[in-house]
Structures are given as structure tokens and as C-alpha cells.
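Values below: every heavy atom of this structure, side chains too, minus hydrogens, waters and symmetry copies. Note that this is a predicted model, so its numbers are computed, not measured.
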Amino acid sequence: MSETKRLSKELFIYVLGEFFSKSLTFLLLPIYAYYFSVDEFATLSLISIIWPLLIIIFGSGFSTFILRGYYDYNEKKGEFFFTILFLSILLALLFAGIIHFTGEHLVRLIFNNLSYKPLLQYSVLFALFRLYFNHILAFFRAERRPIIVVTLSFLIFLSISLTTLYMAIIEKSSLESLLKAQAITYFFNVILFSVVIKPHIEFKINLNIFKSSLFFVIPLLPHALSSWVVPYISRVFIQRSLPAYDLSLYHIAAQIALVLGVLNSGLNQSWIPFVYSNYQKPNFKKLFKVGAQRYLVFSFICALCIIFGCKELLLLIGKAEYFSAVKIVPILVIAYIFQAVYFLHTPLLLYHKKTNVFPIISISSGTICVLLNILLLPVLNVYGAALATLISFVLMAKLASVFSRKLIIIDFVERSFITFLILVIVVGSFYLVITNYWNLFYRLVYIIVTFSLLIVYLMKGTLVFGQNKIFTFKKIL
């Protein structure tokens, strides 16, 4: 099997795994929106953004090091993985203890009028559990065993979904009871993950390996924080400045747009080992370019699908007051296209261990995101927050491109990328306008005509990216 075909296969499998892992909140939106009040729904939204931040603080960078260090310590990978897993979890528990004693003051400082107990305590528990899962999944990703990754991710997805459905619909429990049941379910998944990983580890600790990991992880911390700041900090500003309804509205729009984010996460999981394992090959530039360009075309098509379907997805929630989120979705979808460009470049920097450039990218994009939220939120409401997210992702992608080109020049043909981007914006914007005037039948006609023209465009062999002819419809299939 060629490397590009293997990449396509792994990408599909990892996207499926990320769907189970990260679409959980979106799929449970109708349950949350129907059975909980607007204030409780807003609290759930904040919990869903706090525990990813805590994962970063607890040491998500060690998962990245597992992916990178696996190739350096392949002959003693059992000892390598146990060292990172055991000592990083101990470090995370230390941070969790500190947050337990100082968390109440942090919550009151950052958020307004929110209960400390369910907001932070359960966020800490969820973060610890997910960190443990991420380390183990990273090991199997490094071994390029996507089936195991998807299976484990699906089991988490299934168990949490069933727990939520039972507690919300049958037991009609309170928010805190639901969170407690989810925490117990996560604990049983920890036991399952431990059984699966046990045959692959060697119970030895190598302090030199851990020391090496710290030199890799610490410079990545600002980079990891930026990965949280850019998509999530807007919700913090919304919570502080606007009613709970606006936070719920933005959260729903973000979860719909996250469908493309799930694809990007799948790309990231398959792309990193693809780059690492092929970098020394003579035809690496061609492999990189073919894989990257195919994904970008796929990403643009998926962006159109999300924009076309967002109104129908909102109907699943069943509450008319949330329908206006349809205007926010396209802005965030475009932001995730630039996130994909960012993910395409970062493995090149990580391979060369140029972690010193990530603070530049993260501080720049994070600062811009904060400043734009301060400036735009009072004027444009939640739309200002969405624009701040979009502009910050654009900056991240551009800076990553600039730094990676200093290591290796791989032409993405920016003119064609911009052409496709404008096409998505124009076609998507027009569709959102006609949704207010056309019924479902005419909207479906518009969608069919749009994709028919796109298929004809590709089947003719028209050059999608510069002089590269690989993007005919037949080749994509």
C-alpha cells in the first residue's frame, strides 16, 4: 500500500475516532437543551471548555512527546512509555491538588456568578481522566494502529452517552448528579484502558527519558495554551459580558462548526506519524504536497456541507430561540479551515524539534484573540467573538507556514487556496440569505446544483491547485 493511500485510510479511521471522541457534546445538545435550563446549559458549556484547559496545564504536551519520542526510543518503547505515563500523571495529580485549594478564587476571578463546586471540581476530574486516555491513545497512534484508537474512543463515547441519556431522561437528575455519574463512568474506562495498555509497557522508570521529555514539553506549553485560547477564550468574555443565552447560542454554533474541527483532529492524528515516518524519504515533498492538498480540497467540501446543513441541525435541538446560531456557524467553519492549514505545518516544526517557535505563534495569536474580543464583543455581540476566533486562526496558520518554510519549502499554491476560500464564502453566504425566503425544496435544488457544478469542475480535470492535476474527481475517488 502506498503511503498516500495508507494516509487516506488512517485519516478516515482517525476521523471516525475523533467523531466519537469530540462530537459527544454536539450529539447530546438536544438532551442538554431540553432537560436543563439556560443557566445550567451555560454552566455545561463552561465545563466543556475548562477541562481542556486543565488538560494542558496537567501536561497534554507529554502526549505529543509520546508521538515524537516513540521513534527515538523504539527499541525500549515499553520503558519509554511507562516512564512518561507514570511520572506525567504524578505531575498532573500535583497540579490538581494545587488547583483544588486555589480553584475557588480562580473561578470567582474569571467567571461571574457561577457555583465553584460543579464548575471546577468535575472539570479537574474529567481532565485527569482524559489526560490518561490521551497518553495511551498517543502510544497506539505512534504505532500506527488506528483500529485500537477508534475502538477505545468509541467505548468512551458509548458509555458516556448511555450514562447521560439514562440520568437525564429516565432519572431526570440534576446537573450535579449527571456530572457525578459521568465521572464514575470515566473511572471504569480508566480500568479498561489500563488492561489494554498493560501488555505494551515495561515497568521501569528512566529519569533521563523524563528529563528529555521536559525539555520538549515545557516550550510547547504556550503553544498548547494558544490552542485553547483561540477557540475557547471568546466564551469566557461572553460569559462575563453578555447574558447566559448568548453563551448558550455561541456554544451551539461552535459545536456545529466543530464537525470540521473533528476532521482536523483526525488529520492531525494521522498526519503527525505520516510526516515522521516519511520525512527521510527522497520523495517526501511530493508525498507531503499530495496528502496536504487532497485534505484541503476535502476540507472545503466539508465546510460547504456544514453550512448547508446547519439550519437542519439546529432543528434537532428543538428550541426556536437557538435558531439564530445559524449566522455564527459559517464564521467558525472558515476558522477551522485555517486550523487545518496550521495542523499541516506543525509536524514539520515538531520533527526538527523547533519548539522555540511555538511561543511566538501562541502568544501572538492568543494576544490578538483577547484584544479582538475586547474590541469587537461590545459592538458586534457574539459575532464579534466569532470574528476574533477566525482572525486568530488565520494568524496561527500564517505564522506556522512562515516558520516551516525556513526548514523545508513545500508550495501550497496560495492563489488556488484563496480562490476556493472565496468560493466557499460566497456560495455559503448566499445560501444563508435564501434560507429566509426559500422553502426546503428550493434549498435542496440549490445544494444539488452547487455540488453538481463542483463535480463537473473536478471531472473535467481542471487544475485545482496550480499545475497539479491530481485533483480530478476520479483521482479523489
Side-chain angles (χ1 to χ4, degrees), residues 25-26 29 32-33 36-50 53 109-114 119 228-261 303 306-307 309-311 313-339 365-396 424-426 428-437:
T25 304
F26 167 71
L29 275 179
Y32 292 147
F36 296 104
S37 67
V38 171
D39 289 336
E40 288 178 320
F41 188 76
T43 300
L44 280 169
S45 172
L46 291 174
I47 290 176
S48 71
I49 68 174
I50 289 175
L53 173 62
L109 177 65
I110 300 173
F111 303 105
N112 295 326
N113 303 320
L114 285 175
L119 183 66
W228 178 88
V229 168
V230 174
Y232 291 126
I233 196 65
S234 296
R235 301 184 212 184
V236 176
F237 281 99
I238 293 172
Q239 192 278 330
R240 292 183 61 87
S241 307
L242 301 174
Y245 164 75
D246 292 301
L247 177 60
S248 300
L249 191 70
Y250 188 89
H251 177 70
I252 289 172
Q255 291 302 315
I256 294 176
L258 187 62
V259 173
L260 187 53
I306 296 169
I307 294 173
C310 63
K311 183 174 182 178
L313 289 173
L314 286 168
L315 291 175
L316 295 175
I317 298 175
K319 287 192 175 182
E321 58 265 33
Y322 292 136
F323 288 172
S324 56
V326 70
K327 300 176 182 178
I328 308 172
V329 172
I331 303 174
L332 297 177
V333 166
I334 300 300
Y336 279 116
I337 290 178
F338 283 96
Q339 185 195 51
S365 58
T367 302
I368 289 296
C369 190
V370 170
L371 291 176
L372 288 176
N373 270 284
I374 294 173
L375 294 174
L376 298 179
L377 199 60
V379 180
L380 300 176
N381 206 290
V382 290
Y383 304 103
L387 285 172
T389 301
L390 169 59
I391 295 171
S392 300
F393 271 128
V394 172
L395 180 61
M396 288 177 65
V424 170
I425 294 173
V426 172
S429 299
F430 182 75
Y431 178 79
L432 293 179
V433 172
I434 66 175
T435 54
N436 298 321
Y437 305 100

Contact between [X] and [Y] at the side-chain level, heavy atoms closer than 4.5 Å - yes or no?
| X | Y | answer |
| --- | --- | --- |
| Phe393 | Ile337 | no |
| Tyr336 | Leu258 | yes |
| Leu247 | Arg235 | yes |

- Could I get the full list of ring pair (Phe, Tyr, Trp, His ring centres under 6.0 Å) partners for Phe338, not counting sequence neighbours?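 Expected list: Phe417.
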Within this structure, what is the [atom1]-[atom2] distance for the pair [X] and [Y], rounded to the nearest 0.5 Å?
| X | Y | atom1 | atom2 | value |
| --- | --- | --- | --- | --- |
| Cys369 | Leu387 | SG | CG | 11.0 Å |
| Asp246 | Ile328 | CG | CD1 | 8.5 Å |
| Gln239 | Ser248 | CD | OG | 11.0 Å |
| Leu260 | Gln339 | CG | CD | 8.0 Å |
| Ser365 | Ile368 | OG | CD1 | 9.0 Å |
| Ser324 | Ile252 | OG | CD1 | 9.0 Å |

- Task: For Tyr250, enumerate each residue passing the side chain to side chain donor-acceptor pair (under 3.5 Å) test, keeping only those at least two apart in sequence or located in another chain.
- Result: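 In terms of side chain to side chain donor-acceptor pair (under 3.5 Å), with neighbours along the sequence ignored, Tyr250 is linked to Thr389.
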- Task: Applying side-chain contact (heavy atoms from CB on, under 4.5 Å) between Phe237 and each of Leu242, Val370, Leu372, report the one that passes.
- Result: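 Only one option passes, and that is Val370.
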- Message: Can you tell me which residue among Val333, Val326, Ile331 is in a side-chain contact (heavy atoms from CB on, under 4.5 Å) with Val329?
- Response: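 Output: one option passes, namely Val333.
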- Item | Smallest separation among heavy atoms of Leu249 and Ala325, with atom names |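 For Leu249 versus Ala325, the nearest heavy atoms are CD1-N, 3.6 Å.
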- Message: Can you give me the closest heavy-atom contact between Leu376 and Ala388, atom names plus distance?
- Response: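 Distance-wise, the nearest heavy atoms are CD1-N, 4.4 Å.
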- Query: side-chain hydrogen bond (donor to acceptor under 3.5 Å, both in side chains): which pairs involve residues 373-385, sequence neighbours left out?
  - Reply: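 The answer is Ser234-Asn373.
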